[in-house]
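Shown next, in structure tokens, is the structure this report addresses.
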Amino acid sequence: MVNSQENLAVSGQVERSPSDVIDESRVVEKNQRFYETPLLDVQGLTQLYGPGKGCANINFDLYPGEVLGIVGESGSGKSTLLNCLSGRCAPQQGQMLYRPQNSDHPVDFYQLSEASQRRLMREEWGSVHQNPRDGIRMQVSAGANIGERLMGMGQRHYGNIRARGQDWLRAVEIDPERIDDLPTTFSGGMQQRLQIARNLVTSPRLIFMDEPTGGLDVSVQARLLDLLRRLVVQMHLSVVLVTHDLAVARLLAHRLVVMKQSEIVEQGITDQVLDDPQHPYTQLLVSSVLTP
Ligand SMILES: Nc1ncnc2c1ncn2[C@@H]1O[C@H](COP(=O)(O)OP(=O)(O)OP(=O)(O)O)[C@@H](O)[C@H]1O
């Protein structure tokens, strides 16, 4: 039996011309080289609403296929940082170098024209919000939610778009027979999985996630985390993940950034940061989870 991921690859190929296949082999070569260099290089990013409120002097790299977790208590500036990174807000200072697909040269995202920023956000990036209502349209069918992202990238063949929609519903463990149903008839976990399908159908390289499992029952969370972990590996996604849940960070993130009052106080390999925290604030954060 062909698994969902293979189905996705097959349906993707249906729409590709032979010249695209040749291009693709070049992309793979380039991606291998990119592996040596960051996909995202963030330097001195600052967006302050008041002293200690927002994010200040943020520096980090993100590599292809890497998940970076951003943790910290409420109000430490995680969402402000994510909003700047995902292009929803322009920071007061700093730069974010991004290496676009099929290019050897990084671009400074905030210096791009609004049209170029929007193109990257539409074609190469995705955002998974905590509340699925912020990321999917509740009044159109599940299939339309997935299909409109493909149409936004210029695809017009109804049969192919519908087939991709069904493939992606299957990949996120939703019965493809529900393709014509409204998301309002889905459970919270299903809505979140639909939001993920809508994001991933365009094969993005970079995904921003804000508490993707927040507000879900523990068993639903576990299933979603398992799905996310699998998709991240299969699609070689780079992810910036904001979470207050250290267990979620431990499960998904390769590296962690710890924020306190707008600044990064510690960053490193996830297991090292959580098992041997160096900064007193991180020690407090970790011990507050361990203490019953
Ligand atoms: N648009 C804004 N205008 C004024 N202050 C803001 C704005 N956005 C955020 N802040 C303030 O900046 C600080 C950081 O908020 P932010 O939402 O980034 O924190 P957070 O770590 O994501 O918190 P939480 O985990 O509760 O979502 C807070 O004090 C908040 O009140």
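Ligands are counted one by one from 1 in listed order, and the atoms in each one are counted from 1 as well.
- Taking a heavy-atom cut-off of under 4.0 Å, ligand 1 is surrounded by Y49, K53, G54, E73, S74, G75, S76, G77, K78, S79, T80.
- For the pair N57/E263, no side-chain contact is recorded, criterion being any heavy-atom separation below 4.5 Å from C-beta on.
- Within the structure, the salt bridge (charged side-chain N to carboxylate O under 4.0 Å, His left out) test picks out no pair touching residues 73-93 (sequence neighbours left out).
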- Message: Please determine whether side chain to side chain donor-acceptor pair (under 3.5 Å) holds for the pair N145 and R198, giving the CA-CA distance in whole Å, both sets of side-chain angles, and the decisive distance to 0.1 Å.
- Response: CA-CA 6 Å; N145 263 289; R198 176 179 159 98; 3.3 Å; yes
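- Salt bridge status for R164 with D167: absent, with no side-chain N to carboxylate O gap under 4.0 Å.
- Applying the side chain to side chain donor-acceptor pair (under 3.5 Å) test to pairs two or more places apart or on separate chains, those with a residue in residues 267-276 are R250-D271, R250-D275, D276-Q278.
- With sequence neighbours left out, the ring-ring contact (aromatic ring centres under 6.0 Å, His included) criterion links F109 to W125.
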